[in-house]
Structures are given as C-alpha cells and as structure tokens.
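One structure below.
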Amino acid sequence: MPNKNFYITTTLPYINAEPHIGFAKEIINADVIARYHALKGDDIFFNTGTDEHGLKIYQKAQGLGVSVDKYCDDSALKFKVLQELLNLSCNSFIRTTDVKHVAAAQEFWRRCEKNGDIYKKKYSTKYCVGCELEKTDSELVDGRCPLHPNAELEIIDEENYFFRFSAYQKKLLKFYEENPEFVVPNHRFNEIKNFVAGGLQDFSVSRLKEKMPWGITVPGDDNQVMYVWFDALVNYISCLGWPNETAEFKNFWPGVQVCGKDNLRQQTAIWQAMLMSAGVANSKQVLVFGFLTLNGQKISKSLGNTIDPRELVEKYGVDPVRYYLLKEVSTFEDGDFSYEKMEKLYNADLANGLGNLVARTSNLLEKNEIELQLVENSDTDFSRAVFAALDEYNFSEALKIVWEKIKQSDEFLSQTTPWKMTEKEQITNTLRPVAQNILNIAYCLQAFLPETAKKILRQFSYAQVKKGDSLFPKIV
RNA sequence: CGCGGGGUAGAGCAGUUGGCAGCUCGCCAGGCCCAUAACCUGGAGGUCGUCGGUUCAAAUCCGACCCCCGCAACCA
C-alpha cells in the first residue's frame, strides 16, 4: 500500500493570553489523529504556531515597556514549549510574524484583490480593543462591551479595505453540498450552513497604520495594515511554503483543520471564501471541538479560573493529562475538568488498570524466568476495532475498547491463577496470551499515550521481560 | 418565532437503522493474595426532564411543554 500524505493543523492561538487547557485539548486531539495516521504509514505534516499581530498585542507590549518583537518572541515561546510538554508530534510551528508568512499573507491579499474581492470603503463604527472587533449597538450593554466593560470603546471613522464576503454565499453553500463530510460534527455543519444561508456581509480587513502599526502592510498601500484575522488564516498554507510551488504545498494541501467551536465561522466560512477568492483549493475537512469547563464553570480570565497545562503535566505527567482529555472529555461536545475527576480517573484506569496489569504480569514473568517471543499487533481484530473508533474521532470509545482488553486480562489472570502453578511450561502458556495482550494494547496506545506505549513496547520487546518501575504510581 | 447543546442509578457519563436499561467512581457482601492496600465475583440503587401520540414493542420516532448551559460575525 502506497503511503498517503496527511496534513493536519490546529488554529493558531493568540499570544496575548497564557496557553490554557482548552487549547491543550485541541492540540492533543490533533496529535492523536496525526500519530494515528503515522501509525498507518502515512507521511505527516502537522502544523501549529502563534497568531501575533493586532492592537491587543501592541498595547500589551507597550504596557509592559518592552518592544513588540520581544513581547512576541517571549510569548510565542510559551506556546512552543507545549510541543515538548504535551509530547506532540508537530513538525511545523509557524508564527504570523515569520518572514515567509508575511510574504504569503501579502501575496494572498494581492490575489483576492486581483479577483475583485477587496475594495475600499469609508465607515464609522465602535470598536472594542479587548475583542479586537467592531461592535454593533445591539451587542453593547450600557454603551460598553459586555465582555470588556473596563475598556473604552473607540469610535472608528476611517476608510478601510473590505473583503467581498457577500459574493461567496452561493459558492459556499454549493461547496458544503458537494462535500457532506466537510465539517464534523454534523450539528456544527448545520449551524454554519444556516449562518451562510442567512446572508453574508462584507467585513473590513484592514486598519489605518497610524492607529495600529502592528500588522502586515497592505500591498500597495503603506498607510494600512491587514486586519489580524485576514493575516492569521493564511498560516495554514504559508506554513507549507505557499505561494511557492513547494513540494510540501503540492503534497499536503488541502488538509484537515481542527478548531474550537468559537472558531466555526472563521474556519468553515470566512477562510473558505478567502481560499476561493485567491484561487486556492478549499480545506479538506474541519473538525470542530467542544469547550472545557472547570468544575462546571466556564473558563475565563475574568473568573480567574484558568488552568495552566504545565501545572497539570508537572503534577500528573503528560500521559495522564492526555488520557483525561481524550477519555473523559468527548471530542465534539463540551466537557469538564476537575482535579478530583483527574485523580479518580488516574487511579482507576492508569494506576489500578494499565499500570497494575503490566506490573503483575511482568513480575510473574521475571520471577519465573519465562522467555517469550511476542509479535507486535498480533490481534488485528482488536486494533481494527480501536482504529474504527479513531476513524470517527471517537477517542473515548477507542480507549474504552483498549481498557476492556485490560479488564479481560485481569479476569483471565484471576481465573487461571498462574502464581499457584509449578510447571514452567504451564506458567508460560498461561502468561503468554496476557503478555501478548499487553503488547497489542501498547501498539494501539502509541497514538494516545506515546510515552507509556514506548515504555511498554520496550519492556515487552525482550525475550525475558523484567518488572521495571511502575508506570503510574497510585495517588493517595 | 435568533442558533446550538444537554436533562438516563448517589456522582460523572455511554447508549437513536425502535427489541430484556449499560459503564466508571462510590456503597454493601464474598473471593483471591501474583500485582501499585492492587485484582476477581455477586448485590443494592433508575417511573431514561414532563405530558400526549405512533407501534406488538419507545431512552430511541412524532408533537407540545418545563429546566440547565453555551453562542449571537466573538473567546480554544
């Protein structure tokens, strides 16, 4: 079977806030998909990065008394370290301040302009710096932005460039119809279809440079910079080298994009219209994930209940954090995080489940000096069942199937009681299928818990398996 | 008539081509003793939000209503 090329990209988090657990979920989900495809033998391009332009960034840097460049460098680093922290398999980290991205965004603009989709218009509107957005009166509460009541609204009265979004209503609807798998899950697809069918308004895609210098200069107009959204979306192809006819771009675009549910419009409508305008192929698929709550409450800075992935990883380890987000939180619906649930799940599934099974089995193997020849992925019915759930992005179900195998193995040991046996051959024959199960489990877990899978594969690759350290010490 | 999600055992959830109501945690009783005080077996516990309809049969399909939670060109 020839290798296929598989491209997946996250959205780029905006660097004005610390990385939070919601984005961790998004990127871990993407990582599982990428690792799964790698396991199948596909060639992978896995992109993430940072979104760094816009007024909010500019003002924040000024407030801190540092140069914008330095502020961006420092902030981008906080996101880049997630790759190691969360054990991600990304091979591309793009920053919207990268030279190649800036050039790509400008070329993208030129193509949209050439196609007649960018025009200049004078307008006046209220603008919330906190949201980086213009606000309509209907969105305001007491004349203030409800999300940022402490920020003064700015009245913008200027001439900006607009993108002819309205021209793409029919084309988008046709595209959706022709690609029934384009947005997953289906209820999000319906949502965006309804939105587009309801009519589209052109939106502004530039700002006056004198008011907002931190952006990419509009080609042919030194007085204007691109609106941050317009510039940022181009990253999904600039990271592949576009507009150059690179091998990466030819081999990997179009790809799969993932995003949080707040980003539905940007990814599935605005960006798709932009691609059509620039004459670039549309994305292959967009996966729209749910949100996380913390102890049942919405996570937000104003509530002060944000949670830093680094803190979690330091406390529990990478794989337990990945496990929680994959098993306990459904892929497309909202989910909840709490330390209490984290620790319960850790003990039940990782310490008492997988960790204990590996410990008791390897201990019996070592103590009885059993030698085995095991085969990786010997039970293809099992791995197929796991992968079938993965094909539907149902990570929780996939892990459930794996854990059923763990339970079966524990049951088998209890029934056969190999620790009572005296004949080495009998012990060997009893432990062999259990050890083989563990190896098969580890094979499948490579997509989910890469570190743990690696440890087990290594431990069970020797003819004489040793007990080794416990994988997940119980939390007491 | 804005859009969407949800309401299933004490808690957290799974379960729609309609067919005996499931999983994890917790609780009770027993077993085992290789293993990380772990593991195995059995048990208690649910009028599947409410009301009505279709059907031999409804958590699942249809209609009305109640209650929670997001979103509303916007935050992952």
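Every chain is numbered from 1, with letters handed out A, B, ... down the list of sequences. Values reported hereafter were calculated over all heavy atoms of this structure, with side chains retained and with hydrogens, waters and symmetry mates removed. Note that the structure is predicted; figures quoted are calculated from it, not measured.
Residue A:E343 contributes atom CD, which lies 16 Å from atom P of B:C25 at whole-angstrom precision. Here B:A73 presents its C1' atom at 16 Å from CD of A:Q272, a figure rounded to the nearest Å. The distance from atom NZ of A:K400 to atom C1' of B:G22 is 8 Å, rounded to the nearest whole Å.
The same atom, C1', is picked in B:A14 and in B:G22; the two are 7 Å apart, to the nearest Å. Between B:A29 and B:U8, the two P atoms lie 29 Å apart (nearest whole Å). B:G52 and B:A59 are spaced 15 Å apart, taking the P atom of each and rounding to whole Å. Taking atom C1' on both B:C20 and B:U24, the two are 23 Å apart, rounded to the nearest angstrom. The separation of B:G30 from B:C67, taken at their C1' atoms, amounts to 43 Å, rounded to a whole angstrom. If you take atom C1' in B:G46 and the same atom in B:G12, they sit 15 Å apart, rounded to whole Å. Between B:G15 and B:G2, the two C1' atoms lie 31 Å apart (nearest whole Å). Comparing the P positions of B:C34 and B:C39 gives a spacing of 16 Å, expressed to the nearest Å.
With sequence neighbours left out, the side chain to side chain contact (heavy atoms under 4.5 Å, CB included) criterion links A:V225 to A:R207, A:K209, A:M212.
A:F195 carries A:R265 over the face of its six-membered ring, with the cationic atom under 6.0 Å from the centre and within 45° of the normal. Figure legend: cation-pi geometry between A:K193 and A:Y176 absent, as NZ or CZ is not positioned both under 6.0 Å from the six-membered ring centre and within 45° of its axis.
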N/O-N/O pairs, protein side and nucleotides 28-33 of chain B side, under 3.5 Å:
| residue | atom | partner | partner atom | Å |
| --- | --- | --- | --- | --- |
| B:C33 | OP1 | A:K420 | NZ | 3.4 |

Between the protein and nucleotides 69-71 of chain B, which nitrogen or oxygen pairs come in under 3.5 angstrom?
| residue | atom | partner | partner atom | Å |
| --- | --- | --- | --- | --- |
| B:G70 | O2' | A:K261 | NZ | 3.2 |
| B:C71 | OP1 | A:K298 | NZ | 2.4 |

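For A:A348, whose side chain is taken as the heavy atoms from C-beta onward, the closest listed nucleotide among B:C25, B:C40, B:G5 is B:C25.
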Checklist entry - Given pairs defined as Watson-Crick or G-U wobble with both distances under 3.5 Å, what dot-bracket annotation applies to RNA chain B, with ( ) intrastrand, [ ] crossing, | other strand and . unpaired? => result .(((((((.[[[[.)...(..]]]].(((((.......))))).....[[[[[..)....]]]]])))))).....

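From A:F182, atom CZ reaches atom CD of A:Q272 across 3.5 Å, with rounding to the nearest 0.5 Å.
Taken residue by residue, residues 463-472 of chain A places heavy atoms nearer than 4.0 Å to RNA chain B at A:K467, A:S470, A:L471, A:F472.
Mapping A:K341 and A:R360 onto RNA chain B by nearest heavy atom places A:K341 closer to the 5' end of the strand. Between A:G198 and A:L357, the residue anchored closer to the 5' end of RNA chain B is A:L357, taking for each the nucleotide with the nearest heavy atom.
Pairs passing the side-chain hydrogen bond (donor to acceptor under 3.5 Å, both in side chains) check and including a residue from residues 316-328 of chain A, sequence neighbours excluded, read A:D31-A:R322, A:Y316-A:E343, A:D319-A:T452, A:Y323-A:D349, A:K327-A:D349.
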